[in-house]
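Below you'll find the structure, written out as structure tokens, and then a few comments.
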Amino acid sequence: MMSANESTSQRTLGLFDSVGIGVGAIVGGGILALAGTALFETGAGAWLAFLLNGLIAVITALSFAELSTVFPQSGGTYLFAKRVLSVGAAFSVGWIVWFASIVAAALYAIGFAAFLLDIVTTLCGTAPVWISQAPTKAGVALVSVVVCTAFLRRSAGSGGNGINVLKVLVFAALIGGGLYAWHRDQPPAWDRLSPLLGRGSLGLFAAMGYTFIALQGFDLIAATAGKIRNPRSVLPKAMLLSLLIALTVYLPLLLLICISGIPEGSSLEAMVIASPDTIVAQAARVFLGNFGFWLVMVVGVLSMLSALLANLYAAAYIAQAMAQDRTLPRLLERVDAKRGTPFVALWATAILAVLVLLLIPDIAQAGAAASLIFLITFALAHLICLLARRRQPHHQGFRVPLWPVLPSLGLLACVILAIFQGIKVPQAGIITGAWLVGGFFCYLWLFGRRARVYDAASESTDPDLLELRGRSPLVLVPIANPANAGVMALLGTCISPPRVGRVLLLNVSSLPTDDDPNQDFQNTADVLRLSMSAAIQERIRVEGLATVAADPWNEINRVARSHRCASVLLGMASLADDEIRSRLENLASRLPGNVVIFRAPAHWHPRDVKRVLVPIGGRVVHNALRARLLNGLRRRVEDEFLIEYLLVLPTTTKDRDRRRSEELWTQWVTDETAARSEVRVVLSDEVPEAILEAAQAVDLVVLGLNKTNPKRPMFGQLTTRVVQETSKAVMVIGQRG
């Protein structure tokens, strides 16, 4: 299903706006905040660190361009991971990417505060001491986050295009002034650029790690792809253009700082030590006078502000995409009805950015942490690009040239730089690790169950999803009776996803006897022929297998394990026979995958199903398997199809509690299927009787098995009674994991 931010009416951003998102995040803020750090680590070779980072960024942008044109929805790396990996892996990636943009926003908020307070201090001359203290800087940064969030709340875009044009013009003026000073004074350029790497190759790698965040921003274009018109054409151009503009500004500026920006009688090292945060402004003062100094200070404020806006904007869309997939609270997917802005996700992002500001008030540490996190996410993007192209090689979209060489080189470079950064700046690794641990427990306790249900429903309706994930689930359907072979094969297709799913029909023959050694084999041929014919008519990838074994129950378990079956569909006649029930429970407890046990009256057919009854209550279990089953049935039914979720509550339940339970379950069950459904609450102290009464008006009842436990049977008393006393078709499902 297409979310609100992905609909055609919500695609409001063109090429200029898209480039603006990237330029807003890249150009200005990173170079002004971290140029001093790069020059300190490398000396005059800082430009080389930015050049190498630029090459890595361009290769990475190519992978992002391919993925975002294949999946032109908002979410960026999170969306790519969801499509190509799994919902659990996607949550991990999205959790990291969201935090990366949050930390980047905190970095630029700190930078904004530093530049603004430096301006105030310079203007005042004898400013009070408290203006330059850390609490003041943190307070100004906090206010900037709140104000920018309020601005984005009322804006349809990232809101920084005017700032972007202005700061690019200012940087062009700075470069022009530096070139003029070089031409006028003709300083010995090569002498000023020597030694190239004052701290050797380790200093170069350290500078690359610290400053990689300065080229981050093209990925934010992918994160907001659901807002961009003509994404297949615009996205690649916007990403590469934003990087080209950034490198066109960064490389000449760094060279000119070293050549024309050092005053007589001083050195680059002395300048960096004296003014690490305002090194660009000090250099501009040398070749453009006080006008140059103030030009940089003003553009510094604007650059930090636009980068802050861009990161808050993109982070909100990442959070919204995760909420739409139930990997974050659904509240975060709410959008402004007029502007389409995910305002709840915006404020949640702002709150987290404020917390980061309180924990990491230092620009260098914030930059190191943000760079490390983005390197990890970029490495994942390269890996996902490699997997996506291999699994779906004929996609219609931008294609990375020299594949798989360029994505492989990008992956290797990002991994090496991330490892070095984690060792060089352990605080960055600690911050990242703490966030990941928090995400693990959030997913485990809060989001994982609903996310897996929603993802299972998506898999059952979207064949591309499983194909991209490299999965082809196999459903094992043991067949013994030719009379119900067609129905069982068709039900197997309901559990199996469309196009990529497979059904394995199994018939187990007894060992031959001396009296009639061929009779059982003839029956096997009839069963497999009828079953495969029914499946082929449904255009299902079906396979047949005949085996010989003394114990068919053990043989089913052996085949399920040897073929790594995702699910097993078993038929049952009745649960009244204790021996049959015991054998079913024993087999179900040993099978490696999901279990579906089915019983139906004569002449029942899945296509005739109009109403399905699903009793609910207690803990939410079996939902992912139930989602696949219900969506599979919906695909096979051409007429009206209604799923009735039945919640039986005690007669003493108050009206307020009944309404609350109904509302809560209504929210939960909508994750399972797009079919028409309703939650019906019945007040009764006799749960089995209430279910049996409701079952009279439906065509199929779906129940759940108890989890494997030596102390209690898998078929509970309620399930056993309903199966035995209803005349309707019944499915009993058990989900593993």
Side-chain angles (χ1 to χ4, degrees), residues 15-16 18-39 41-42 44-65 104 108 160 164-179 193 196 204-205 207-222 235-261 279-280 283-284 296 299-300 303 306-307 310 367 370-371 374-375 378 381 400-401 406 409-410 413-414 417:
L15 179 61
F16 182 72
S18 304
V19 173
I21 293 173
V23 170
I26 303 173
V27 176
I31 187 72
L32 295 176
L34 299 170
T37 302
L39 290 165
E41 293 291 343
T42 61
W47 66 271
L48 185 58
F50 275 81
L51 176 62
L52 293 175
N53 278 343
L55 292 176
I56 297 173
V58 168
I59 294 173
T60 305
L62 293 173
S63 290
F64 267 90
Y108 293 121
N164 291 334
V165 173
L166 179 60
K167 69 182 180 181
V168 169
L169 292 175
V170 169
F171 276 111
L174 288 175
I175 294 170
L179 290 172
L193 294 177
L196 188 63
L204 175 64
F205 282 119
M208 290 175 65
Y210 275 115
T211 62
F212 192 81
I213 183 65
L215 287 166
Q216 174 269 335
F218 61 88
D219 56 305
L220 303 187
I221 301 172
L235 284 166
K237 295 176 184 177
M239 292 181 195
L240 295 176
L241 276 173
S242 61
L243 277 174
L244 178 63
I245 293 170
L247 291 172
T248 303
V249 168
Y250 287 175
L251 298 180
L253 187 60
L254 286 167
L255 285 168
L256 290 169
I257 288 173
C258 300
I259 296 171
S260 304
I279 182 68
V280 178
V296 172
V299 82
S303 297
S306 66
S371 291
F374 276 112
L375 283 166
F378 290 171
V400 177
L406 284 183
L409 285 176
C414 289
L417 202 53

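Everything numeric here is computed off the predicted structure, so don't read it as measured data. What's counted below: heavy atoms across the whole structure, side chains too, no hydrogens, waters or symmetry copies.
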Judged by atom type as modelled, is there a donor-acceptor pair below 3.5 Å linking the side chain of [X] to the main-chain atoms of [Y]?
X: Asn53; Y: Leu51; answer: no
X: Tyr250; Y: Gly54; answer: no
X: Ser242; Y: Val19; answer: no

Minimal non-hydrogen separation, [X] against [Y], with atom names:
X: Leu243; Y: Ala57; value: CD1-O, 3.5 Å
X: Ala61; Y: Leu240; value: CB-CD2, 4.2 Å
X: Cys414; Y: Phe378; value: SG-CB, 3.8 Å
X: Leu220; Y: Ala310; value: CD1-O, 3.6 Å
X: Thr211; Y: Ala38; value: CG2-CB, 3.7 Å
X: Val280; Y: Ala35; value: CG2-CB, 3.9 Å

Rounded to the nearest 0.5 Å, how far apart are [atom1] of [X] and [atom2] of [Y]?
X: Leu52; Y: Trp47; atom1: CG; atom2: CH2; result: 8.5 Å
X: Phe374; Y: Ile213; atom1: CZ; atom2: CD1; result: 4.5 Å
X: Leu241; Y: Phe16; atom1: CG; atom2: CZ; result: 12.0 Å
X: Leu256; Y: Leu179; atom1: CG; atom2: CG; result: 5.0 Å
X: Ile259; Y: Leu254; atom1: CD1; atom2: CG; result: 11.0 Å
X: Ile21; Y: Ile26; atom1: CD1; atom2: CD1; result: 11.5 Å

[X] vs [Y] side-chain heavy atoms within contact, under 4.5 Å:
X: Leu244; Y: Val58; value: no
X: Leu32; Y: Val299; value: yes
X: Ile56; Y: Met208; value: yes
X: Phe50; Y: Leu251; value: yes
X: Thr42; Y: Leu48; value: no
X: Leu253; Y: Phe171; value: yes
X: Val23; Y: Val168; value: yes
X: Ile221; Y: Phe64; value: no

Going by side-chain contact (heavy atoms from CB on, under 4.5 Å), name the residues that satisfy it together with Ala65, two or more places apart in sequence or in a different chain. Pro236, Met239, Phe398

Pair Ile31, Val249 - check side chain to side chain contact (heavy atoms under 4.5 Å, CB included), show working. CA-CA 9 Å; Ile31 187 72; Val249 168; 5.6 Å; no

